[in-house]
Protein chains: 2
Amino acid sequence: MAQDDSRANSHNLAALVVRTGERVKADFAQAVLAHDVSPPLARAILLLNEPAQMGCLASQLSCDQSYVTRLADDLVKRGLVTRAPGDDRRVQVLTLTPAGALLKDQLAEAVSVESAVSSALSPHEQEQLRSLLTRILEIS
Amino acid sequence: MAQDDSRANSHNLAALVVRTGERVKADFAQAVLAHDVSPPLARAILLLNEPAQMGCLASQLSCDQSYVTRLADDLVKRGLVTRAPGDDRRVQVLTLTPAGALLKDQLAEAVSVESAVSSALSPHEQEQLRSLLTRILEIS
DNA sequence: TGTCAACATTTGAGTTAGTCAAACATTATT
DNA sequence: AATAATGTTTGACTAACTCAAATGTTGACA
């Protein structure tokens with residue numbers, strides 16, 4: 001109802017969760033854009049610790065497979081990954097080139113350096129937070 | 001790696017924060033779309049407890065003023081708000097119509113009902129979470 | 001009082017981060 | 001051998017924005 005204002009606005013905990021997520025995302029974006037990489041591209045690169053097929057990447061990114069195709073196009077064009085058919089010739093396996101691996105390390109460094117989460121909270125508090133968030137994600 | 005910890009490397013706390021934010025946002029979207037309102041429109045409606053001028057709404061939504069113009073166009077077209085010049089005739093004041101006010105209450109109800117945050121955590125835990133997130137937002 | 005800077009809103013054009021459906025190639029099933 | 005299933009690609013589209021320039025309005029001040 002209208003007078004139940006405690007939930008309506010940004011004093012609302014749900015809104016705070018969203019806002020914090022957006023803040024962390026913005027920090028990530030700032031860190032990776034400094035390396036001329038868009039956030040989705042950076043996410044893909046950071047997942048390529050070992051060669052992976054595109055469908056797998058899609059599920060890790062929780063996005064459509066066709067979007068991974070576009071990301072891969074871009075990565076290949078930039079010389080950051082190679083795209084080669086696997087044993088099953090339907091699949092394409094993405095592998096970081098040396099340049100890509102280097103960039104991945106730089107991105108990982110940049111992202112972790114400017115992490116508001118780890119600089120705001122003690123290790124114990126970080127564990128607390130992790131546990132609370134996990135509980136939220138677990139429901140349903 | 002078949003783990004469906006969907007937002008990659010959820011062992012990374014920052015990723016977990018983002019993922020939780022997205023989950024909460026998705027719940028919000030689901031709740032309001034059931035009332036045929038897009039998430040940004042719903043956010044605007046929920047902020048209109050009292051008449052507000054557009055620039056003010058923009059800052060509450062943290063978006064460009066020109067985007068509020070488009071939201072307002074839509075809201076007016078649907079008969080949910082009126083847009084009238086204020087005393088200062090540069091400003092336009094948005095006011096919920098009766099239909100808009102009714103919808104606002106329905107949205108507030110729908111959004112609060114399906115809140116993962118409040119059903120996953122005890123009141124005390126919610127306070128803990130609020131405090132941790134606030135600390136993250138405060139750093140900058 | 002006239003002029004000019006500042007402000008609120010609007011418009012037009014563009015961007016980013018995707019989605020969906022259909023097509024295609026390859027492999028698996030019957 | 002025919003058909004179904006799987007993985008990727010393409011084309012067309014969308015949502016949710018942003019930016020820059022244009023428009024209308026007001027306040028400041030010489």
Side-chain angles (χ1 to χ4, degrees), chain A residues 18-19 21-23 25-26 28-30 32-33 36-48 51-78 81-95, chain B residues 2 6-8 18-19 21-22 25-26 28-30 32-33 35-48 51-78 81-95:
Chain A
V18 171
R19 222 148 48 85
E22 264 155 19
R23 162 66 190 276
K25 246 199 306 199
F28 179 88
Q30 189 179 351
V32 304
L33 287 174
D36 269 307
V37 180
S38 71
L41 226 55
R43 292 225 288 142
I45 292 168
L46 289 169
L47 285 172
L48 284 173
Q53 71 183 62
M54 312 185 47
C56 169
L57 215 50
S59 89
Q60 291 181 267
L61 293 167
S62 12
C63 73
D64 198 87
Q65 293 193 337
S66 71
Y67 186 53
V68 174
T69 297
R70 331 258 180 193
L71 294 177
D73 288 347
D74 200 347
L75 291 169
V76 168
K77 197 159 36 188
R78 290 171 180 236
V81 315
T82 58
R83 180 207 247 137
D87 290 345
D88 178 339
R89 239 161 299 190
R90 287 170 299 187
V91 326
Q92 297 283 113
V93 175
L94 303 182
T95 308
Chain B
S6 211
R7 192 54 130 164
V18 171
R19 202 158 109 71
E22 265 156 19
K25 245 197 308 197
F28 180 88
Q30 188 178 353
V32 304
L33 287 173
H35 293 261
D36 269 307
V37 180
S38 70
L41 226 56
R43 291 224 291 144
I45 292 169
L46 288 169
L47 285 172
L48 285 172
Q53 71 183 63
M54 311 187 46
C56 168
L57 215 48
S59 87
Q60 291 182 267
L61 293 168
S62 13
C63 72
D64 197 87
Q65 293 193 337
S66 71
Y67 186 52
V68 175
T69 297
R70 331 257 181 193
L71 294 177
D73 288 347
D74 200 347
L75 290 170
V76 169
K77 197 156 39 185
R78 289 170 180 236
V81 315
T82 58
R83 180 206 249 136
D87 290 344
D88 179 338
R89 240 161 302 190
R90 287 171 298 186
V91 325
Q92 298 282 114
V93 176
L94 303 182
T95 309

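Just so it is clear, the values below take in all heavy atoms, side chains as well, and ignore hydrogens, waters and symmetry mates.
- Heavy atoms of B:Arg43 sit nowhere under 4.0 angstrom from any nucleic acid atom.
- Across all strands shown, B:Gln65 has heavy atoms under 4.0 Å from base atoms, whether or not it also approaches the sugar-phosphate.
- Looking only at side-chain heavy atoms (C-beta outward), A:Arg83 and A:Thr69 come within less than 4.5 Å of each other.
- Nearest heavy-atom pair across B:Ala72 and B:Met54 is CB-CE, 3.9 Å.
- In this structure, the separation between CG on A:Leu75 and OG1 on A:Thr95 is 11.5 Å, given to the nearest 0.5 Å.
- In this view, B:Arg89 and B:Pro85 satisfy the side chain to side chain contact (heavy atoms under 4.5 Å, CB included) rule, not counting sequence neighbours.
- Contacts between chain A and DNA chain C, taken as any atom within less than 4.0 angstrom of a protein heavy atom, begin and end at C:dA17 to C:dT27.
- Among residues two or more places apart in sequence or in another chain, the salt bridge (charged side-chain N to carboxylate O under 4.0 Å, His left out) test is passed with A:Asp64 by none.
- Annotation: side chain to side chain contact (heavy atoms under 4.5 Å, CB included) contacts of B:Arg43 (sequence neighbours excluded): B:Phe28, B:Leu61.
- Taking 4.0 Å as the cut-off between side-chain N and carboxylate O, A:Arg78 and A:Asp74 count as a salt-bridged pair.
- Remark on DNA chain D: of its neighbouring residues A:Val91 and A:Ser66, the 5'-side contact belongs to A:Val91, judged by nearest-heavy-atom nucleotide.
- First and last contacts of DNA chain D with chain B, using any nucleotide atom under 4.0 Å from a protein heavy atom and ordered 5' to 3', fall at D:dA16 to D:dT26.
- The residue among A:Pro39 and B:Gln53 whose nearest nucleotide of DNA chain C is located toward the 5' end is B:Gln53.
- A:Ala44 approaches A:Leu71 most closely through the heavy-atom pair CB-CD1, 4.4 Å.
- For DNA chain C, the residues of residues 67-75 of chain B within the heavy-atom distance limit of 4.0 Å (strictly under) are B:Thr69, B:Arg70, sorted by number.
- For the pair A:Asp64 and B:Gln92, nearest-nucleotide mapping onto DNA chain C gives the more 5' position to B:Gln92.
- Here the closest non-hydrogen pair linking B:Leu48 and B:Leu94 is CD2-O, 3.8 Å.
- Closest non-hydrogen pair, A:Leu33 versus A:Pro39, comes out as CD2-CD, 4.2 Å.
- Closest non-hydrogen pair, A:Val18 versus B:Gly21, comes out as CG2-O, 3.8 Å.
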